[in-house]
Amino acid sequence: MNEKKLRLALVGATGLVGRTAIKVLEEKNLPIDEYVFFASSHSCGKEIVFQGKNYVVRELKEDSFDEGFDFAIFSAGGDTAKKYAPIAASHGCIVVDNSSAFRMDNDVPLVVPEVNPEEIKNNHGIIANPNCSTIQAVVPLKPLDEKYKIKRIVYSTYQAVSGAGQKGVDDLENGIKGLPNKKFPHPIFNNCLPHIDVFLENGYTKEEEKMINETRKILKRPDLKITATTVRVPVINCHSESINIEFENSFDLGDVISTLKNFPGIIVEDDVENNVYPLATNSTGYDEVFVGRIRRDYSVENGINIWVVADNIRKGAASNAIQIVEKLIENM
Ligand code: A2P
């Protein structure tokens, strides 16, 4: 590594993902010499305490990247990313963007560090962080695809309200108190909403389409058969997913379990006799993906079902982006 002083900009520092990114950056203590925190004009001047020091939040502007940054983590939505990420990249800054703005662009790597770290070097200044529900799914899918070749995937998700930002959390907390919903189209308290992001002409939601397309891109399996139903549930944090997987090749279930156990970033929690399986309440605050209920699907020749839970704000967003920055620093 060279001796250059490294500077990192965190864009969207006041949001749900941004605040978690600050926590994760504190925990990881990367070899970054200077941090600058950006948000919209509403937050300009707010104070953030980071590593024991006070920082003043700056308003993001077109000239914000003139002063020179090595890395920027963007968690400020698609419109902000579309406008400012290319400006940052044109100044030599490598942007890791949490929005869906660039994920499917051919010249933008879509990276989960445990799964396809080799793609990082192919960046042209922008790297996309996948959708939260895709990140936690592809971690267990990758080693299984390498070993048994996946033929088809059926995703059914149970997604936390934190995935919809602070306003999503507010809707659940207000709903518990009997107050009306503002963010979701229906009350989320006491409900499951089969509706995440907007509906498309084909009847699927954009969230379902993201899971399908992003999984294909990350696993480098453009023709993989995948279907998805994504559901918002009244859980504050951590997405849970039932994943049904059909393989081309035969497998031994014990071998599947040890393959998952040996893959980085996975913790297998599977002891049904003692009621042990991944739970949202136990997974909050962790960067690992928890996998359990690993069992054969007897309705097909070579199939399994798994239950996958992860902290959607950490591994599904902030921590994955920071892991990408860690790899960028390692590769310098
Ligand atoms: P602000 O708090 O000033 O509005 P969340 O996903 O929790 O809603 O957070 C979104 C984050 O993106 C917030 O930090 C928000 O800042 C920031 N943001 C939204 N629009 C812009 C913008 N135009 N420029 C910079 N940051 C923005």
Side-chain angles (χ1 to χ4, degrees), residues 7-26 35-50 54-67 69 71-91 93 95-103 126 128-135 159-174 181-185 188 196-198 206-207 210 232 235-239 284-285 311-322 325:
R7 304 185 79 228
L8 183 144
L10 182 63
V11 176
T14 51
L16 207 50
V17 174
R19 282 180 279 147
T20 300
I22 290 170
K23 214 186 297 169
V24 177
L25 285 168
E26 269 187 331
Y35 294 87
V36 179
F37 300 102
F38 290 104
S40 78
S41 55
H42 307 292
S43 305
C44 180
K46 269 192 189 161
E47 290 213 341
I48 285 177
V49 181
F50 177 68
N54 281 5
Y55 288 78
V56 176
V57 176
R58 294 203 215 157
E59 179 187 353
L60 186 68
K61 293 187 183 151
E62 285 181 25
D63 63 2
S64 294
F65 295 93
D66 291 0
E67 59 185 273
F69 285 97
F71 312 109
I73 294 174
F74 274 59
S75 299
D79 292 340
T80 307
K82 273 188 202 144
K83 180 165 176 197
Y84 294 98
I87 298 176
S90 74
H91 284 81
C93 171
V95 174
V96 181
D97 177 39
N98 264 306
S99 82
S100 60
F102 305 104
R103 287 182 191 148
I126 301 177
N129 215 39
N131 179 259
C132 45
S133 41
T134 309
I135 291 177
Q159 297 184 220
V161 292
S162 60
Q166 188 59 49
K167 289 183 180 138
V169 175
D170 293 346
D171 253 23
L172 176 54
E173 289 180 346
N174 289 334
N181 48 295
K182 289 188 187 154
K183 169 75 182 170
F184 301 118
I188 184 64
I196 301 181
D197 210 330
V198 295
K206 207 166 164 194
E207 182 82 354
K210 283 181 210 164
R232 188 76 68 193
V235 166
I236 294 281
N237 197 47
C238 286
H239 292 346
T284 284
D311 186 326
N312 53 300
I313 301 295
R314 284 186 67 113
K315 183 55 185 164
S319 301
N320 196 75
I322 293 165
V325 173

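The shown structure was predicted, so the numbers you read here are calculated from the model rather than taken from an experiment. Numbering of ligands and ligand atoms starts at 1, following listing order.
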Return the set of residues passing salt bridge (charged side-chain N to carboxylate O under 4.0 Å, His left out) with E47 (not counting sequence neighbours), or none when no residue passes.
none
Just list the side-chain donor-acceptor pairs under 3.5 Å for residues 7-25, sequence neighbours left out, or say none.
residue: R7; atom: NE; partner: E34; partner atom: OE1; Å: 3.1
residue: R7; atom: NH1; partner: E67; partner atom: OE1; Å: 3.3
residue: R7; atom: NH1; partner: G68; partner atom: O; Å: 2.7
residue: R7; atom: NH2; partner: E34; partner atom: OE2; Å: 3.0
residue: R7; atom: NH2; partner: E67; partner atom: OE1; Å: 2.8
residue: R19; atom: NE; partner: T14; partner atom: O; Å: 3.1
residue: R19; atom: NE; partner: G15; partner atom: O; Å: 3.2
residue: R19; atom: NH2; partner: Q166; partner atom: OE1; Å: 3.1
residue: T20; atom: OG1; partner: L16; partner atom: O; Å: 3.1

Residues at least two apart in sequence or cross-chain that pass side-chain hydrogen bond (donor to acceptor under 3.5 Å, both in side chains) with D171, listed by chain then number, are none
For ligand 1, output the ligand-protein N/O contacts shorter than 3.5 angstrom; if there are none, return none.
residue: ligand 1; atom: 2 (O); partner: T14; partner atom: OG1; Å: 2.6
residue: ligand 1; atom: 2 (O); partner: S43; partner atom: OG; Å: 3.1
residue: ligand 1; atom: 3 (O); partner: S40; partner atom: N; Å: 3.2
residue: ligand 1; atom: 3 (O); partner: S40; partner atom: OG; Å: 2.6
residue: ligand 1; atom: 3 (O); partner: S43; partner atom: OG; Å: 2.4
residue: ligand 1; atom: 4 (O); partner: S40; partner atom: OG; Å: 3.2
residue: ligand 1; atom: 7 (O); partner: L16; partner atom: N; Å: 2.9
residue: ligand 1; atom: 14 (O); partner: G12; partner atom: O; Å: 3.2
residue: ligand 1; atom: 14 (O); partner: T14; partner atom: N; Å: 3.3
residue: ligand 1; atom: 14 (O); partner: T14; partner atom: OG1; Å: 2.6
residue: ligand 1; atom: 14 (O); partner: G15; partner atom: N; Å: 2.9
residue: ligand 1; atom: 16 (O); partner: T14; partner atom: OG1; Å: 3.3
residue: ligand 1; atom: 26 (N); partner: S40; partner atom: N; Å: 3.2

Which of D311, T284, N312 passes side-chain hydrogen bond (donor to acceptor under 3.5 Å, both in side chains) with S162? Answer is N312
Aromatic ring proximity, centroids under 6.0 angstrom, F37 and F50
yes
Electrostatic pair K210-D197, nearest N-O below 4.0 angstrom
yes
